[in-house]
Amino acid sequence: MDGWPRISSKRFDGESMDTYRRRAAQIAEIITGFRMGRFDSETADEMEQRLADLQNPILEHH
């Protein structure tokens, strides 16, 4: 295996660059945590939900 695929996040329509960068950084941090096995099962459930929320423009777009 050549390693993990690059983490990329799409910018939502109308999302400011600052907001996009913060959201993309949070997504990358969560995905990296999963890849490195940093979460216990309870935390993993919370992080999975947070990741889904971050990727949903209805919930995250301000």
Side-chain angles (χ1 to χ4, degrees):
M1 184 161 115
D2 292 334
W4 295 102
R6 186 174 163 274
I7 299 169
S8 93
S9 302
K10 296 197 184 321
R11 188 171 167 200
F12 299 145
D13 288 341
E15 182 177 33
S16 75
M17 188 55 76
D18 262 4
T19 301
Y20 165 71
R21 286 186 179 134
R22 279 193 306 272
R23 187 175 59 77
Q26 289 178 320
I27 289 170
E29 185 178 333
I30 292 169
I31 291 173
T32 300
F34 276 114
R35 290 177 176 179
M36 300 299 154
R38 293 183 183 142
F39 305 129
D40 60 31
S41 62
E42 184 177 328
T43 304
D45 289 344
E46 293 170 14
M47 292 295 105
E48 185 175 26
Q49 183 58 56
R50 180 66 184 139
L51 184 60
D53 291 348
L54 286 165
Q55 294 172 329
N56 184 335
I58 303 300
L59 297 176
E60 281 302 311
H61 184 66
H62 302 286

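When a residue number appears, it is its place in the shown sequence, counting from 1.
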Q55 side, atom CD; R23 side, atom CZ - distance, nearest 0.5 Å: 8.0 Å
Inter- and intrachain pairs under side-chain hydrogen bond (donor to acceptor under 3.5 Å, both in side chains), touching residues 27-43, at least two apart: D40-T43
CD1-CD1 distance between I31 and I7, expressed to the nearest 0.5 angstrom: 4.5 Å
Common cluster, M47/L51, ILVMFWY with side-chain heavy-atom separation under 4.5 Å: yes
F34 vs E48 side-chain heavy atoms within contact, under 4.5 Å: yes
R11 to E15 - nearest heavy-atom pair and separation: NH2-O, 2.6 Å
Atom pair CG (L54) and CD (Q49), whose distance is rounded to the nearest 0.5 Å: 10.0 Å
